[in-house]
Amino acid sequence: MIASATMRLLWLVSPALPVGAYAYSRGLEWAVHKEWVHDSDSARDWIAGVLERQIAQLDAPVLARMHDAYTQGGDASRWALFLMAARESAEFALEDRQLGISLAKLLRECGVPDVQPGGYAQLFAQAAVHYGVSRHDAVLGYMFAFAESQITAASKLVPLGQTASQRALNALMDRLEVFVQAALLLEDEDLGAHTPGLAIASALHETQYTRLFRS
C-alpha cells in the first residue's frame with residue numbers, strides 16, 4: 001500500500017523529521033531572556049502573535065502560492081525570492097536556507113524527483129504537491145509544525161512542564177484554522193509580516209551572551 005496524503009503530511013510536520021528545526025527558537029530565546037515570555041500564558045500569547053502577524057501574513061500565503069505554482073507545473077522561484085527578501089534578520093535567513101537544504105536532501109533520498117533547491121517553505125510546498133497534500137492542509141500542517149516547534153523551545157527556555165506545554169499547544173491548535181483561512185484569503189499586495197518586536201528579538205539574539213538555540 002502507498003502511504004496516504006494525510007500520512008505524508010504527518011511525516012512532514014513530525015518533530016522527528018531530520019531537518020534540524022530543533023536548533024532554532026526563531027527569536028523566542030531573546031524574548032525569554034528579556035522576560036517578555038515567562039510562563040505558559042505568555043508563551044502561548046507570543047507564539048499566537050507570531051502565527052497571526054507573521055506566519056499567517058507572510059509564510060503561509062506564500063507557501064500557498066508556491067503550492068499553486070508546483071501544482072500547475074510552474075516555477076515558484078519568484079515567491080521563494082520574495083520570502084527570502086522579507087526575512088528581517090541574518091538568523092531568520094540562515095534558518096530558512098539550512099532547513100531548506102536539509103529537507104531537499106531528505107526528499108531526494110526518499111525518491112522525490114526534480115527537487116528544486118530553496119528555502120524551507122519552498123521545499124515544504126514541493127513535498128506537499130508531490131505527495132498529494134492539499135493547499136489547505138499544507139498550510140495547516142506548516143502552521144502546526146511551527147506552533148509545536150515553538151512550544152518545544154519554550155518548554156526548554158522558560159521552562160515549561162509537560163502539562164503546561166500541552167495546554168498552551170492545545171490553545172494554539174484551537175486558533176490555527178482561523179489563521180489558515182486568513183492566510184488563504186490575502187491578496188498579493190497585502191503580504192508582509194507585522195512583527196517588529198520579533199525582528200528586534202532576532203537581531204539582538206545574534207549577539208546574546210549565552211544561547212541554547214541558533215535563532
Report summary line: Here the gap from Leu123 atom CG to Ile101 atom CD1, rounded to the nearest 0.5 Å, amounts to 9.5 Å
Query raised in the report: For the residue pair Ala21 and Ser149, what are the closest heavy atoms and their distance?
Result: O-OG, 4.1 Å
Query - CH2 on Trp30 to NZ on Lys34, rounded to 0.5 Å - result: 5.5 Å
Requested in this report: Working to the nearest 0.5 Å, report the span between CG of Asp45 and CG of Asp39.
Outcome: 8.5 Å
Query raised in the report: When the ring planes of Phe82 and Trp79 are compared, do they come out parallel, tilted or perpendicular, using 30° and 60° as the limits?
Result: perpendicular
Report task. Just do the side chain to side chain contact (heavy atoms under 4.5 Å, CB included) check on Gln166 and Thr163 with the steps written out, would you? Result -> CA-CA 5 Å; Gln166 292 306 309; Thr163 300; 6.0 Å; no
Query - Verify same cluster id: Tyr70, Val133 (apolar side-chain graph, 4.5 Å) - result: no
Query raised in the report: Side chains of Arg44 and Arg175: closer than 4.5 Å at any heavy-atom pair?
Result: no
Query - Arg65 and Asp68 ion-paired at < 4.0 Å - result: no
Query - His130 side chain vs Pro113 backbone, donor-acceptor pair below 3.5 Å - result: no
Query raised in the report: Do Leu103 and Leu107 touch side chain to side chain, with heavy atoms closer than 4.5 Å?
Result: yes
Query - Worked check of side-chain hydrogen bond (donor to acceptor under 3.5 Å, both in side chains) between Ser89 and Ser202 - result: CA-CA 6 Å; Ser89 71; Ser202 176; 2.5 Å; yes
Query raised in the report: Would you say the side chain of Phe213 lies within less than 4.5 Å of the side chain of Leu157, judging by non-hydrogen atoms?
Result: yes
**Report entry** His67 versus Ser134, closest heavy-atom pair with distance
**Finding:** NE2-C, 3.6 Å
Requested in this report: Using a 4.5 Å cut-off on heavy atoms from C-beta on, say whether the side chain of His38 contacts that of Val32.
Outcome: no
Query raised in the report: Would you say the side chain of Ser4 lies within less than 4.5 Å of the side chain of Met7, judging by non-hydrogen atoms?
Result: yes
Query raised in the report: In Å and rounded to the nearest 0.5 Å, what is the OG to CD distance from Ser25 to Gln150?
Result: 6.5 Å
Side chains of residues 191-200: which donor-acceptor partners sit under 3.5 Å, not counting sequence neighbours?
| residue | atom | partner | partner atom | Å |
| --- | --- | --- | --- | --- |
| His194 | NE2 | Gly192 | O | 3.3 |

**Report entry** Which atom of Gly27 lies closest to which atom of Ala201, heavy atoms considered
**Finding:** O-CB, 3.7 Å
**Report entry** Exercise: identify the closest heavy-atom pair between Leu58 and Ala86
**Finding:** CD2-CB, 3.7 Å
Requested in this report: Would you name the heavy atoms of Asp75 and Gln116 that are closest together and state the gap between them?
Outcome: OD1-OE1, 3.8 Å
Query raised in the report: Between Pro18 and Ser102, what is the shortest heavy-atom contact and its length?
Result: O-CB, 4.3 Å
Query raised in the report: Taking C-beta and beyond as the side chain, do Tyr120 and Arg97 meet within less than 4.5 Å on heavy atoms?
Result: no
Query - Verdict with reasoning, Gln162 to Arg167, per side chain to side chain contact (heavy atoms under 4.5 Å, CB included) - result: CA-CA 9 Å; Gln162 291 182 348; Arg167 186 170 61 246; over 6 Å; no
**Report entry** Flag, side chain of Gln208 to backbone of Thr210, donor-acceptor distance under 3.5 Å
**Finding:** yes
Query raised in the report: Testing Asp59, Ile55, Val13 for side chain to side chain contact (heavy atoms under 4.5 Å, CB included) with Met143, which one passes?
Result: Ile55
Query - Approximate separation, where rounding is to 0.5 Å, of Gln126 CD and Asp114 CG - result: 9.0 Å
Query raised in the report: For the side-chain hydrogen bond (donor to acceptor under 3.5 Å, both in side chains) test, which of Glu95, Glu91, Gln98, Arg214 pairs with Tyr24?
Result: Arg214
Report summary line: When rounded to the nearest 0.5 Å, the distance separating CZ of Arg8 from OH of Tyr131 is 4.5 Å
Report task. Could you check if a side-chain atom of Val115 sits within less than 4.5 angstrom of a side-chain atom of Lys105, using non-hydrogen atoms only? Result -> no
**Report entry** ILVMFWY network linking Leu160 to Trp36, side-chain heavy atoms under 4.5 angstrom
**Finding:** yes
Requested in this report: Report whether Met173 and Val50 are members of the same hydrophobic cluster (ILVMFWY, side-chain heavy atoms less than 4.5 Å apart, transitive linking).
Outcome: yes
Report summary line: Across all chains, not counting sequence neighbours, the side-chain hydrogen bond (donor to acceptor under 3.5 Å, both in side chains) partners of Glu177 are His136, Gln181
Query raised in the report: Ser14 side chain to Leu10 main-chain N or O, any donor-acceptor pair under 3.5 Å?
Result: no
Query raised in the report: In the single-linkage hydrophobic clustering (I, L, V, M, F, W, Y; side-chain heavy atoms under 4.5 Å), do Val62 and Phe179 co-cluster?
Result: no
Report task. Consider only side-chain heavy atoms of I, L, V, M, F, W and Y, link residues closer than 4.5 Å, and tell whether Leu184 and Phe124 are in one cluster. Result -> yes
Query raised in the report: Ignoring hydrogens and geometry, is there a side-chain-to-backbone donor-acceptor pair from Glu29 to Leu212 under 3.5 Å?
Result: yes
Requested in this report: Mark yes or no for whether Ser215, through its side chain, and Arg26, through its backbone, hold a donor-acceptor pair below 3.5 Å.
Outcome: yes
Query raised in the report: Side-chain contact, heavy-atom cut-off 4.5 Å: Thr152 with Lys156?
Result: yes
